[in-house]
Amino acid sequence: MVLRQALLTGARSRRLRKLVSTMPVSSAIVARYVAGETADEAVEAARRLLTDGLQSSIDYLGEDTHDRDQATRSTQAYLILLDRLHRAGLTRGAEISVKLSAVGRALGSDGEKIALDNARSIADAARNAGTTVTLDMEDHTTVEPTLSILHELRRDFPETGAVLQAYLHRTEADCRDLAYEGSRVRLCKGAYNEPGSVAYQKTGDVDRSYVRCLKVLMAGQGYPMIATHDPRLIEIAGALAMRHDRSRGSYEFQMLYGIRPQEQRRLADLGDTVRVYVPYGDEWYAYLMRRMAERPANAAFFVRSLLTRT
């Protein structure tokens with residue numbers, strides 16, 4: 001827990017970010033978690049996954065958007081990605097994930113409107129390309145605006161996916177609100193450094209919350225997207241699917257790019273839908289630090305990469 005907190009704190013450190021960002025993106029630790037810096041590299045990763053029977057959700061990394069031009073550039077990056085996925089014939093197995101902070105949500109009093117307009121443009125392009133969008137969730141201060149934008153976006157694009165984080169105290173109630181027919185909901189544990197007033201702090205408490213939330217989603221009429229690498233939670237999800245007479249295809253498993261690839265293929269071989277979260281772009285630092293916090297065993301490899309970089 002101490003190491004996890006240190007890594008999450010490091011995700012906000014400009015000094016550490018400067019140090020880490022001198023590492024080339026081809027270095028082993030970054031390449032394990034990030035598909036590359038360009039849309040072409042992301043498309044190629046999606047192609048490889050589809051060849052292995054795996055679907056993908058592609059995220060253009062960029063959270064620190066400070067002006068409208070930057071939000072526009074992030075939006076354009078998604079439009080370019082969607083065009084290239086469509087031209088490559090991959091949209092049947094690849095959707096995209098969008099962080100609203102990347103497309104303008106934090107830009108002052110107009111931020112939510114800017115983010116909604118940009119998300120609407122992306123959702124429209126995704127539909128025209130034959131795929132869908134999922135709105136990523138960020139720290140707890142963004143939950144209400146994200147759900148508000150989701151509600152507005154779903155008026156015209158009901159296929160838009162939502163993400164809920166089991167470590168937040170409020171999430172079971174949010175699951176109940178979103179477990180309706182046609183509602184795509186990705187349930188993950190959560191990867192931000194949150195205070196005890198809003199989030200469970202102990203691993204066991206987070207796991208128990210995850211199961212409670214999963215029960216709500218599996219019993220509902222929506223489409224649960226089970227984002228976990230935890231073998232026990234995967235087993236529980238399968239049992240809940242059987243209990244509620246859910247057929248394969250009425251839910252899916254989701255895992256991160258570079259984590260448990262053999263398990264991803266095993267589940268796909270059993271007939272489950274498995275989607276891999278594929279990040280790309282040059283703003284990979286904060287994402288990488290959160291991945292290290294989720295899997296501290298990788299931290300030693302990460303530190304060695306820093307100390308031995310050339």
Side-chain angles (χ1 to χ4, degrees), residues 57-79 81-82 95-129 131-188 190-192 194 198-199 213 217 220 222-225 227 254 277 279 281 283 286-287 290:
S57 186
I58 306 176
D59 177 21
Y60 174 69
L61 295 172
E63 301 174 47
D64 297 324
T65 296
H66 301 297
D67 58 61
R68 193 159 189 163
D69 287 344
Q70 192 175 0
T72 299
R73 288 194 297 272
S74 293
T75 302
Q76 288 298 318
Y78 276 111
L79 300 183
L81 172 65
L82 285 164
E95 67 142 33
I96 61 170
S97 288
V98 177
K99 284 184 174 60
L100 292 174
S101 63
V103 295
R105 185 200 52 77
L107 300 182
S109 59
D110 293 332
E112 288 190 38
K113 182 180 184 304
I114 293 169
L116 175 59
D117 289 345
N118 286 334
R120 197 184 301 278
S121 296
I122 295 169
D124 186 51
R127 178 181 284 178
N128 290 336
T131 189
T132 55
V133 176
T134 293
L135 298 184
D136 276 341
M137 192 63 75
E138 301 177 70
D139 69 78
H140 78 277
T141 65
T142 71
V143 175
E144 284 298 336
T146 298
L147 292 180
S148 176
I149 290 172
L150 174 74
H151 178 74
E152 290 299 317
L153 200 59
R154 279 186 172 181
R155 293 180 187 274
D156 297 316
F157 304 96
E159 66 272 22
T160 303
V163 177
L164 296 175
Q165 299 166 314
Y167 68 173
L168 296 179
H169 298 156
R170 60 172 291 165
T171 299
E172 187 175 354
D174 289 332
C175 285
R176 296 186 189 283
D177 290 340
L178 289 174
Y180 54 82
E181 186 173 359
S183 177
R184 299 169 55 246
V185 180
R186 177 195 299 159
L187 179 65
C188 62
Y192 291 84
E194 304 284 18
V198 300
C213 293
L217 294 175
Y223 181 81
M225 300 184 287
Q254 295 194 355
Y277 186 90
E283 295 293 325
Y287 176 85
R290 288 197 297 274

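None of these values were measured; they are calculated from a predicted model.
- In this structure, L178 CG and R154 CZ are separated by 6.0 Å, a value rounded to the nearest 0.5 Å.
- Every side-chain contact (heavy atoms from CB on, under 4.5 Å) that T146 has, sequence neighbours left out, goes to L100, M137, T142.
- Inter-residue side-chain proximity for L147 and H151 is flagged as unmet; no heavy-atom pair is nearer than 4.5 Å.
- The side-chain contact (heavy atoms from CB on, under 4.5 Å) check on Q70 picks up T65, H66, D67, R73, with sequence neighbours excluded.
- Rounded to the nearest 0.5 Å, atoms OG (S121) and CG (L116) are 9.5 Å apart.
- Applying the salt bridge (Lys or Arg N to Asp or Glu O under 4.0 Å) test to residues at least two apart or on different chains, the pairs with a partner in residues 156-169 are R120-D156, R127-E159.
- Taken to the nearest 0.5 Å, the CG atom of N118 stands 9.0 Å off from the CD atom of Q76.
- Every side-chain hydrogen bond (donor to acceptor under 3.5 Å, both in side chains) that D139 has, sequence neighbours left out, goes to T141.
- When each of I122, T160, T75, T134 is checked for a side chain to side chain contact (heavy atoms under 4.5 Å, CB included) with V98, only I122 meets the rule.
- A donor-acceptor distance shorter than 3.5 angstrom exists from the side chain of E194 to the backbone of H140, with no hydrogens or angles considered.
- For the pair A115 and I149, the tightest heavy-atom approach, listed with the atom from each and the gap, is CB-CD1, 4.0 Å.
- Under the rule for a ring-ring contact (aromatic ring centres under 6.0 Å, His included), the partners of H169 that lie at least two apart in sequence or sit in another chain are Y200.
- In terms of the salt bridge (charged side-chain N to carboxylate O under 4.0 Å, His left out) criterion, residue partners of R176 (sequence neighbours excluded) are, by chain and number, E172.
- Judged by distance alone, with hydrogens and angles left aside, the side-chain atoms of S183 form no donor-acceptor pair with the main-chain N or O of A179 at under 3.5 Å.
- In this structure the side chain of L153 never reaches within 4.5 angstrom of the side chain of V133, judged on heavy atoms.
- Take Y78 and apply the side-chain hydrogen bond (donor to acceptor under 3.5 Å, both in side chains) test, not counting sequence neighbours, and it matches D59.
- The line from CG of L164 to CZ of R170 is 8.5 Å long, rounded to the nearest 0.5 Å.
- The stretch residues 107-129 participates, sequence neighbours left out, in no ring pair (Phe, Tyr, Trp, His ring centres under 6.0 Å) pair at all.
- Under the side-chain hydrogen bond (donor to acceptor under 3.5 Å, both in side chains) criterion, E181 pairs with no residue at all, not counting sequence neighbours.
- With sequence neighbours excluded, the residues satisfying side-chain hydrogen bond (donor to acceptor under 3.5 Å, both in side chains) with D136 are K99, R186, Y277.
- How far CG of L135 is from CG of L150: 5.5 Å, rounded to the nearest 0.5 Å.
- P224 is not listed as a side-chain neighbour of L187, based on a closest heavy-atom distance of 4.5 Å or more.
- Between the side chains of E95 and S57, at least one donor N or O sits under 3.5 Å from an acceptor N or O.
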Derivation and outcome, side-chain contact (heavy atoms from CB on, under 4.5 Å), residues L168 and D174: CA-CA 10 Å; L168 296 179; D174 289 332; over 6 Å; no
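- Here A125 pairs with L79, L82 under the side-chain contact (heavy atoms from CB on, under 4.5 Å) rule; sequence neighbours left out.
- Residues R184 and G161 come closest through the heavy atom pair NH1-N, 3.1 Å.
- The two atoms that bring Y167 and A191 nearest to each other are OH-N, 3.6 Å, heavy atoms only.
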